[in-house]
Amino acid sequence: SAVISQKPSRDICQRGTSLTIQCQVDSQVTMMFWYRQQPGQSLTLIATANQGSEATYESGFVIDKFPISRPNLTFSTLTVSNMSPEDSSIYLCSVAPGDRTYGYTFGSGTRLTVV
Amino acid sequence: SQKIEQNSEALNIQEGKTATLTCNYTNYSPAYLQWYRQDPGRGPVFLLLIRENEKEKRKERLKVTFDTTLKQSLFHITASQPADSATYLCALGNQAGTALIFGKGTTLSVSS
């Protein structure tokens, strides 16, 4: 299965600023997924990122707030813009397996605290 | 709207016992269901996948059942160990390669 390197692992940011989270995959993948996990909550899908096209955002998430880049088949970034304390959460990237017999692979997560 | 419920937020059991976790869903017809383990500060790690046409899957001390009529999956850890203490997430998928939908998870604590 794929291996994902996600950076940074954690950060504390001032409100009003932006943070860019990076995910590097060790193999080419068609789609990458970005999730948010708030304390005590399930993983909520933010958007699906395909290489060469705009990301598809879920209801409640907008491109201006969470711009995503997908420059190639092994890399993606998620930016959390104009942050507020409500954005404090764990952000995770994920990729689907090439074979449906295997599960999805996740990055180790970025724990974001906005003060 | 689609909804996934995991039976309890926390489950405490004694070492050696069988832990049983429940995942129920509504307004969804998944092609497959997956279980993940998540440790604090880490991303989820895949454990087992079961398809809609399968009733049961086993892997070492783990067993998953899937009842599409009841819209329920049961996840069993037999001979549980303190190292099994973690949060376990249920996830549903429809098509290959599309995003998963997750439950909130059940935090299992196994005491020695």
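So that the names make sense, note that chain A is the first sequence line, chain B the second, and so on, each numbered from 1. Reckoned from all heavy atoms, side chains included, excluding hydrogens, waters and symmetry mates.
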Are [Y] and [X] connected in a single hydrophobic cluster, I mean Ile/Leu/Val/Met/Phe/Trp/Tyr linked by side-chain heavy atoms less than 4.5 Å apart?
X: B:I77; Y: B:L11; value: yes
X: B:I50; Y: B:L70; value: no
X: A:V114; Y: A:F61; value: yes
X: A:Y57; Y: A:M31; value: no
X: A:I63; Y: A:I68; value: yes

Could you grab the distance from atom CD of A:Q37 to atom CG of B:L89, nearest 0.5 Å is fine?
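The CG atom of B:L89 is 6.5 Å from CD of A:Q37, to the nearest 0.5 Å.
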Using 0.5 Å steps for rounding, measure from the OG atom of A:S42 to the CD1 atom of B:I4.
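Separation between the atoms: 7.5 Å.
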Region of B:Q38 in contact with chain A, defined by heavy-atom distances below 4.5 Å
side chain
Among A:I90, A:V29, A:L43, residue most engaged with chain B (heavy-atom pairs, under 4.5 Å)
A:L43
If you count heavy-atom pairs under 4.5 Å between each of A:A96, A:S108, A:G109 and chain B, which one has the most?
A:S108
For atom [atom1] of [X], is the number of surrounding heavy atoms from other residues, nucleotides or ligands below 6.0 Å larger than 12?
X: B:E54; atom1: CD; result: yes
X: A:R111; atom1: CZ; result: no
X: A:R15; atom1: CZ; result: no
X: B:E15; atom1: CD; result: yes
X: B:E9; atom1: CD; result: no

Of the backbone (N, CA, C, O) and the side chain (C-beta and beyond), which part of A:F33 lies under 4.5 Å from a heavy atom of chain B, both, or neither?
side chain
Do the two ring centres, one from A:F106 and one from B:Y36, sit under 6.0 Å apart?
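Between A:F106 and B:Y36, the centre distance is under 6.0 Å.
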Work out which heavy atom in A:L92 is nearest to a heavy atom in B:G43; give both atom names and the distance.
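Heavy-atom minimum between the residues: CD2-CA, 3.8 Å.
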Pull out the residues in residues 99-106 of chain B that come under 4.5 Å of chain A, heavy atom to heavy atom, sorted by number.
B:A99, B:L100, B:F102, B:G103, B:K104
